[in-house]
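Right, one structure below, let's go through it.
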Amino acid sequence: MRYPGTIIITVVLVAFYIVQLVVESFTEDMLIRGVYVNEQPWRLLSSGFVHSTEFLPSAHLLSNLLMLWYVGLLLERILGTIRFIAVFLVGVVGGSAAVVLLTSPIDGALGASGGIFALCTSLLMVLRKGATTAFASLTTVVVIMFLQGLFMPGVSWEGHLGGAITGIVLGATARFQPYVLERVSDLFDVTEGIKPSVSRQKIVTEVPRRIAEVAIYAGVVALAVWLSTSHVTSTLTKYGITP
């Protein structure tokens with residue numbers, strides 16, 4: 001398989017959607033709601049795998065899958081499968097954390113949009129020098145998607161914002177990894193980032209760079225969980241509710 005990460009995410013999202021249709025309580029058990037976060041922090045991740053079932057087939061799910069493939073066919077080739085999936089998962093957590101921080105504790109949100117926006121902005125970060133046309137095109141798409149979320153009722157712009165910020169951080173981190181810029185150069189026939197001396201230096205320092213990258217991913221998740229739980233505790237305490 002040429003794009004295993006994109007296919008795996010697609011299969012999992014569709015499988016979750018089928019379970020939603022069969023098990024009535026499944027959606028509520030998975031979505032993010034601030035009041036649940038302290039006892040069930042895993043909802044920061046699980047909420048990214050369930051979608052609205054109001055219409056069949058779900059426009060919510062289909063739009064996210066469309067963007068997943070639009071971005072994934074290129075980004076997975078650049079980042080590699082494991083890093084690609086990791087960006088999506090951490091992006092979901094970042095998007096959910098933003099929902100908790102910026103909305104009422106009783107408001108609910110669901111969908112893979114946080115992870116999709118993280119993939120989009122990660123791709124922007126690795127394309128920002130050299131691949132000018134692709135960068136400009138994707139920037140336009142991301143801006144339109146974000147503005148749509150701002151003005152369309154029922155769409156969580158907070159999740160989009162959190163995912164986008166997460167993707168910027170992880171995309172910037174990816175630029176320092178061996179071969180990432182080289183793959184961009186091969187795909188777009190540009191010369192930025194492929195000086196032999198730079199490539200050799202990256203290969204020599206590959207292990208420390210990868211360790212640092214894993215630490216950054218883990219740090220982003222830990223920060224998202226801490227901010228979410230702290231915010232919920234503070235908000236509930238403010239209204240005299242024991243968390």
[atom1]-[atom2] distance between [X] and [Y], expressed to the nearest 0.5 angstrom:
X	Y	atom1	atom2	value
Thr6	Leu73	OG1	CG	6.0 Å
Thr121	Leu170	OG1	CG	8.0 Å
Thr229	Leu44	OG1	CG	8.5 Å
Thr233	Asn38	OG1	CG	3.5 Å
Ser46	Asp29	OG	CG	9.0 Å

Answer yes or no: is there a side-chain heavy-atom contact under 4.5 Å between [X] and [Y]?
X	Y	answer
Leu138	Tyr70	yes
Ile165	Phe117	no
Val180	Arg175	no
Phe16	Met30	yes
Tyr3	Thr81	no
Arg43	Arg33	no
Val35	Val232	no

Evaluation steps, side-chain contact (heavy atoms from CB on, under 4.5 Å), between Leu62 and Tyr17: CA-CA 11 Å; Leu62 291 177; Tyr17 186 72; over 6 Å; no
Under 3.5 Å donor-acceptor, Thr235 side chain and His231 backbone: yes
[X]-[Y] co-clustered via ILVMFWY side chain contacts under 4.5 Å:
X	Y	result
Leu31	Val22	yes
Phe88	Val141	yes
Val14	Val50	yes
Phe146	Ile144	no
Leu147	Ile116	yes

Holding to side chain to side chain contact (heavy atoms under 4.5 Å, CB included), I want the full list of residues that pass it with [X], two or more places apart in sequence or in another chain.
X	answer
Val23	Val19, Ser25, Phe26
Leu227	Leu101, Leu223
Val214	none
Leu89	Leu45, Phe49, Ile85

Trp226 atom CH2, neighbour heavy-atom count above 12 within 6.0 Å: no
Salt-bridge criterion met for Glu76 and Arg83 (N-O under 4.0 Å): no
Quiz: residues 102-110 side-chain donor-acceptor pairs under 3.5 angstrom, not counting sequence neighbours:
from   : atom 1 : to     : atom 2 : distance (Å)
Thr103 : OG1    : Val99  : O      : 2.5
Ser104 : OG     : Ile106 : N      : 3.3
Asp107 : OD2    : Ser104 : N      : 3.4

Heavy-atom closest contact ([X] atom, [Y] atom, distance):
X	Y	answer
Ser58	Leu61	OG-N, 3.0 Å
Leu75	Leu119	CD2-O, 3.3 Å
Gly5	Phe84	C-CE2, 3.9 Å
Val142	Cys120	CG2-CB, 3.6 Å
Val100	Ser228	CG1-O, 3.9 Å
Ser113	Asn64	OG-OD1, 3.3 Å

Suppose we screen for side chain to side chain donor-acceptor pair (under 3.5 Å). Which residues come up paired with [X], at least two apart in sequence or across chains?
X	answer
Tyr217	none
Ser96	Ser47
Ser52	none
Trp42	none

Selection residues 136-156 - residue pairs positive for salt bridge (Lys or Arg N to Asp or Glu O under 4.0 Å), sequence neighbours left out: none
Would you mind writing out the side-chain donor-acceptor pairs for residues 153-164 within the sub-3.5 Å range, not counting sequence neighbours?
from   : atom 1 : to     : atom 2 : distance (Å)
Ser156 : OG     : Glu158 : OE1    : 3.3
Ser156 : OG     : Gly159 : N      : 3.1

Donor-acceptor side-chain pairing of Thr173 and Glu213 below 3.5 angstrom: no
Derivation and outcome, side chain to side chain donor-acceptor pair (under 3.5 Å), residues Gln20 and Thr27: CA-CA 6 Å; Gln20 286 180 258; Thr27 302; 2.8 Å; yes
